[in-house]
Amino acid sequence: MSRDLNVTVLGAGQASDRLFSGAPAHALRQIAGAHSTHEYPSGALLFREGELADGIFLLCRGAVKLSVGSSHGDSLVLRSAGPGEILGLSATLTGQSHEVTAETTTPSQLIFVKRRDFLRYLREHSEVCLRVVESLSNDVHAAYERVRMLGLARIRHSHN
């Protein structure tokens, strides 16, 4: 993928969590130059729950399922990610391990940005850093809503 096309992919914004949507062209060129682009077949493992995060993935084309596992080997699919979504953001920012497992469900194209390059980029581009904060806040609110719905469903079920 050419650097110009990467800039277009990074700057195109339809999904609410597209961090680079609307970023200045020079900022997009900088992040486009600090990454690698990879093609993955369906069923490819991008990262596993519990593995130390070494960077973010931007899904350009395809689909990725995000799941969590139990110690008994059971797996729960949390959601599917589509083009424009950033994967591994929280774990990359904190330098901790991934909270989920990410696996492609279709042939997919992803951009990978190493943690050190992404952190340097955020320090230099406050507008994108604010989008990261907004994206993570949206994730927290969505998680609270899911927990609330699950908890209320259990309460209703136990009263029946």
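Along the sequence shown, the residues carry numbers beginning at 1.
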According to side-chain contact (heavy atoms from CB on, under 4.5 Å), who are the partners of Ser71, at least two apart in sequence or on a separate chain?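 Partners of Ser71 by the side-chain contact (heavy atoms from CB on, under 4.5 Å) criterion come out as none, since no residue qualifies.
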Check for a donor-acceptor pair, side chain of [X] on one end and backbone N or O of [Y] on the other, with a separation under 3.5 Å.
X: Thr106; Y: Ala63; result: yes
X: Thr92; Y: Gly55; result: yes
X: Thr104; Y: Ser108; result: no

Is there a chain of hydrophobic side chains (I, L, V, M, F, W, Y, each step under 4.5 Å between heavy atoms) that links [X] to [Y]?
X: Leu76; Y: Met149; value: no
X: Leu66; Y: Val68; value: yes
X: Leu58; Y: Leu45; value: no
X: Leu119; Y: Leu136; value: yes

OG of Ser80 to CG of Leu59, rounded to nearest 0.5 Å, is 8.5 Å
### Task
Mind checking the CD-CG spacing from Glu134 to Asp139? Nearest 0.5 Å is all I need.
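Going from the CD atom of Glu134 to the CG atom of Asp139 covers 11.0 Å.
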What is the minimum heavy-atom distance between [X] and [Y], and which atoms define it?
X: Thr101; Y: Glu49; answer: OG1-N, 2.9 Å
X: Leu46; Y: Phe57; answer: O-CZ, 4.0 Å
X: Ala81; Y: Glu85; answer: CA-OE2, 3.3 Å
X: Gly95; Y: Leu52; answer: O-CD1, 3.1 Å
X: Val64; Y: Ala102; answer: CG1-CB, 3.8 Å
X: Leu93; Y: Phe118; answer: CD2-CE2, 4.0 Å

Here the ring-ring contact (aromatic ring centres under 6.0 Å, His included) pairs for residues 63-104, sequence neighbours left out, are Phe47-His98
Report yes if some heavy atom in the side chain of Cys60 is under 4.5 Å from a heavy atom in the side chain of Ile111; otherwise report no.
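Yes, side chains in contact.
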Exercise. Thr37 versus Leu110: any side-chain heavy-atom pair under 4.5 Å?
Worked result: no
Problem - Under 4.5 Å side-chain linkage, directly or through intermediates, the cluster mates of Val140 - result: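 ILVMFWY cluster around Val140 also holds Tyr144.
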inquiry  = Using side chain to side chain contact (heavy atoms under 4.5 Å, CB included), reason through Phe112 and Ile56 one step at a time and then give a plain yes or no.
reply    = CA-CA 6 Å; Phe112 178 75; Ile56 61 165; over 6 Å; no
Applying side-chain hydrogen bond (donor to acceptor under 3.5 Å, both in side chains) to Glu124 and not counting sequence neighbours gives Gln30
**Study point:** Partners meeting salt bridge (Lys or Arg N to Asp or Glu O under 4.0 Å) with Arg148 (sequence neighbours left out)
**Key:**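 Only Glu145 meet the salt bridge (Lys or Arg N to Asp or Glu O under 4.0 Å) criterion with Arg148.
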Point to revise | Listed partners of Glu39 passing salt bridge (Lys or Arg N to Asp or Glu O under 4.0 Å), at least two apart | key: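 Only Arg61 meet the salt bridge (Lys or Arg N to Asp or Glu O under 4.0 Å) criterion with Glu39.
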(request) Using only heavy-atom distances, determine whether the side chains of Glu103 and Ser67 contain a donor-acceptor pair under 3.5 Å. (result)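 There is no such pair (donor and acceptor under 3.5 Å, judged by atom type) between the side chains of Glu103 and Ser67.
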| message | Using a strict threshold of under 4.0 Å (side-chain N to carboxylate O), is an ion pair present between Lys114 and Asp117? | response |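 No, no charged N to carboxylate O under 4.0 Å.
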